[in-house]
J.: 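This is the structure I have questions about; it appears just below.
Predicted model, so just to flag it, every value in this text is computed and none were measured. Proteins come first, then strands; the chains are lettered A, B, ... in the order of their sequence lines, and each starts at number 1.
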Amino acid sequence: MVDPVVVRAAPSPTGDPHVGTAYVCLFNYALRTKRGGRFILRIDDTDRTRYNADSERKIIEELAWLGLTFDEGPETAGADGPYRQSERTAIYREAVQTLIDSGAAYRCDCTKERLDEVRAAQRARKEQPRYDGHCRERSVAPDAPHVVRLKVPRDGETSFLDGLRGTITIANSTVDDQVLLKTDQHPTYHLATVVDDHAMGVTHILRAEEWINSMPKHVLLYKAFGWDIPQHFHLPLLRNPDRSKISKRKNPTSITWYRENGFLPEALLNFLALMGFSLGDDQEEFTLDEFVAAFEPDAIKTSAPVFDLTKLEWLNGVYIRKTPAPVLAAKLVAISPMAAAADRTLLEAIVPLIAERMKRLTEFEDLCDFFFVDKIEPRYDDLIPKKRTETNTAAVLRAARDVVANSETLTPETLEASLRALGEEVSWKPRELFMSVRFAISGKKVTPPIIESMCLLGKAECIERLDDAIDVLGDPENPILAAPSS
RNA sequence: GGCCCCUUCGUCUAGCGGUCUAGGACGUAGCCCUCUCAAGGCUAAGACACGGGUUCGAUUCCCGUAGGGGUCACCA
């Protein structure tokens with residue numbers, strides 16, 4: 001029996017819920033579910049200028065849509081709250097005081113202007129832009145506006161363990177005296193994350209790779225506080241097709257976008273898992289449970305995967321096909337006004353015809369609109385097969401109309417048999433007959449299987465549409481007898 | 001640019017020293033099936049970045065080089 005873990009996700013409520021957040025959450029969720037323990041949602045809202053009031057709610061909603069659930073968070077009471085960092089300022093202030101008292105941090109009242117000048121000068125000298133330590137040995141009064149900075153050793157190096165990469169060592173000379181507490185008295189990420197992870201008993205930190213270079217600051221903080229360092233695993237960043245860090249300019253990044261564009265949560269989750277983990281055995285399709293069972297944190301990939309929307313679409317199609325019709329119908333209703341307005345029984349009957357034709361649920365409307373309109377207006381040219389004439393086509397469609405009219409009830413088997421028999425009779429290839437009928441019934445070239453579609457549409461509606469098509473071809477009052485084309 | 005991370009088909013990957021004339025998936029092309037489109041089946045093209053080591057033997061281990069990425073904020 002392995003020890004339970006405490007993991008967390010710490011999204012920042014500054015915008016739309018990000019797929020990167022879902023990606024990181026998935027791996028945290030997997031570890032917590034595999035090992036037992038707790039998964040905490042902590043809202044990192046320490047940047048009050050970028051704060052977006054809707055964002056937190058959206059993040060929680062979209063993660064819930066994906067099926068990634070938390071044991072503790074702003075909306076799930078637990079023993080480690082509050083779960084918004086903006087509500088924990090007293091904790092950080094106290095922590096900062098400890099650091100100042102021990103000499104690990106210091107107050108700084110340098111103005112933005114001075115900082116800019118210093119950095120500009122450093123850049124001009126081709127040096128690393130960084131804080132020059134101006135306030136390191138000064139004593140800045142606590143009652144005047146100031147920030148608190150971490151006093152990073154000038155030399156030496158800091159090593160830490162990454163669960164995926166082993167020991168990483170970074171020279172302290174490349175680490176800046178990071179601001180820990182901002183002028184507005186809110187902490188920066190670095191302080192808040194270390195303080196909270198410790199306070200909440202976090203044992204494993206699975207987060208994005210972009211934090212690796214910040215690790216020395218965090219290690220220094222853990223040491224200054226005298227705290228144990230949780231195990232860290234830095235996940236590779238999801239990438240745009242050009243291999244840069246995934247961004248909304250180059251790739252959809254909002255989870256909301258994926259939901260609204262007809263992606264299934266199971267498919268997105270499966271795909272994200274594939275981006276960072278391999279089940280081996282060439283197994284690419286798996287459930288969340290199967291992923292969790294196979295998951296081992298130290299087997300997470302280190303190389304950065306390109307987020308390939310095309311492959312996601314394929315996988316989404318796989319999931320659509322394996323979703324039971326009633327469930328798929330419900331999902332369509334949730335996303336498509338046309339599906340929502342449709343008769344539910346009819347919708348559920350249509351679903352099996354289109355399930356294998358959709359990569360996204362949003363394709364439903366294009367595929368099925370002809371079921372829900374009153375009148376089809378087939379184009380003259382579409383109705384007449386190549387090498388057939390107007391009069392001949394009108395006659396054949398009239399015969400098809402009669403086939404329908406003479407049927408007791410429309411069933412796929414009998415309708416197909418009679419239409420094929422008709423085709424034979426008039427020497428039309430099945431392909432020609434069905435295409436002409438398809439245009440008459442749907443007005444379009446690509447549809448679900450037309451026989452089944454006609455059965456769902458109903459006898460009366462089919463007769464009406466065939467009559468309309470015959471009208472398009474010529475004078476209905478002047479019937480033309482069926483005649484062989486050659 | 002400094003530092004850090006990464007490096008197998010276009011993309012996602014399997015491979016953990018001999019099983020590799022390198023396997024699978026997406027995509028692409030062709031064929032089959034077929035009432036359209038799909039789905040499905042079959043086939044094809046397509047990769048170990050490069051150079052040194054280590055070793056009887058490197059895709060696999062080590063070191064360089066190159067390439068890609070990240071990071072250098074009172075943003076996370």
Side-chain angles (χ1 to χ4, degrees), chain A residues 10-14 44-47 49-50 108 110 112 115-116 119 123 126-131 145-149 162 164-165 168-171 173-176 178-190 192-193 207-216 234 236-237 239 241-245 271 274-285 301-315 317-318 321 353-359 363 367 416 419-420 423 429-439 442 444-453:
Chain A
S12 190
T14 53
D44 192 337
D45 57 352
T46 56
D47 184 342
T49 59
R50 291 204 304 156
C108 166
C110 291
K112 182 175 184 305
L115 259 20
D116 288 345
R119 289 188 187 119
R123 258 187 280 268
K126 301 206 161 158
E127 289 173 17
Q128 278 297 98
R130 50 170 294 173
Y131 184 62
H146 65 274
V147 300
V148 175
R149 288 180 183 275
D162 176 273
L164 307 180
R165 288 163 261 259
I168 296 173
T169 301
I170 295 177
S173 60
T174 66
V175 183
D176 207 353
Q178 180 63 234
V179 169
L180 300 175
L181 200 67
K182 300 181 266 193
T183 309
D184 67 2
Q185 296 296 288
H186 283 281
T188 56
Y189 171 87
H190 308 281
T193 197
R207 72 199 337 174
E209 188 178 27
E210 54 192 336
W211 294 111
I212 286 183
N213 288 314
S214 298
M215 269 301 283
H234 290 95
L237 260 16
R239 302 294 183 85
D242 68 1
R243 297 209 171 270
S244 55
K245 168 162 100 170
F271 182 72
L274 238 26
M275 295 282 88
F277 197 82
S278 170
L279 265 61
D281 296 340
D282 301 322
Q283 190 185 355
E284 296 204 294
E285 299 161 28
K301 292 295 141 28
T302 51
S303 51
V306 170
F307 191 100
D308 182 358
L309 198 55
T310 304
K311 184 154 183 174
L312 203 211
E313 286 189 322
W314 160 76
L315 193 57
V318 170
R321 271 170 256 141
L353 302 184
I354 57 165
E356 67 196 28
R357 293 174 167 74
M358 292 189 292
K359 289 203 287 259
E363 290 169 70
L367 229 35
E416 177 163 8
L419 283 178
R420 280 183 186 280
K429 293 178 189 142
R431 174 194 195 83
E432 294 175 300
L433 211 214
F434 288 122
M435 271 320 280
S436 192
V437 169
R438 183 188 319 284
F439 276 114
S442 72
K444 53 199 348 181
K445 184 175 191 297
V446 175
T447 70
I450 200 61
I451 302 288
E452 284 83 348
S453 297

J.: Can you tell me if A:Thr14 touches the phosphate of B:A76, counting only side-chain N or O atoms and a distance under 4.0 Å to OP1 or OP2?
T.: no
J.: Which atom pairs link the protein and nucleotides 44-46 of chain B when you take only N or O atoms and keep those under 3.5 Å?
T.:
none

J.: Any idea how A:His190 and A:Trp211 line up, ring-wise: parallel (<30°), tilted (30 to 60°), or perpendicular (>60°)?
T.: perpendicular
J.: Is the phosphate of B:A14 approached by A:Lys301 (side-chain N or O, under 4.0 Å from OP1 or OP2)?
T.: yes
J.: When the P atoms of B:G51 and B:U13 are compared, how many Å lie between them, rounded to an integer?
T.: 25 Å
J.: Given that A:Phe434 and A:Met358 both sit by RNA chain B, which one's nearest nucleotide is further toward the 5' end?
T.: A:Phe434
J.: Nearest-Å distance, CG (A:Asp308) to P (B:U13)?
T.: 11 Å
J.: Considering only heavy atoms and no angle criterion, is a donor-acceptor pair shorter than 3.5 Å present between the side chain of A:Lys311 and the base of B:A25?
T.: yes
J.: Say you draw a straight line from OG1 of A:Thr302 to CD of A:Glu209; how long is it, rounded to the nearest 0.5 Å?
T.: 8.0 Å
J.: Using a cut-off of under 3.5 Å, enumerate the N/O to N/O pairs linking the protein to nucleotides 61-68 of chain B.
T.:
none

J.: In Watson-Crick or G-U wobble terms, both distances under 3.5 Å, what is the partner of B:A29?
T.: B:U43
J.: Which residue, A:Leu164 or A:Met275, contacts RNA chain B at a nucleotide closer to its 5' end, judged by nearest heavy atom?
T.: A:Leu164
J.: Write down the partner of B:C3 under the Watson-Crick or G-U wobble criteria, each distance required to be under 3.5 Å.
T.: B:G70
J.: Taking CG from A:Asp176 and P from B:C72, how many angstroms apart are they, rounded to a whole number?
T.: 10 Å
J.: Tell me: CG of A:Asp45 to P of B:C74, nearest whole Å?
T.: 20 Å
J.: Who is the Watson-Crick or G-U wobble partner of B:C9, with both distances under 3.5 Å?
T.: none
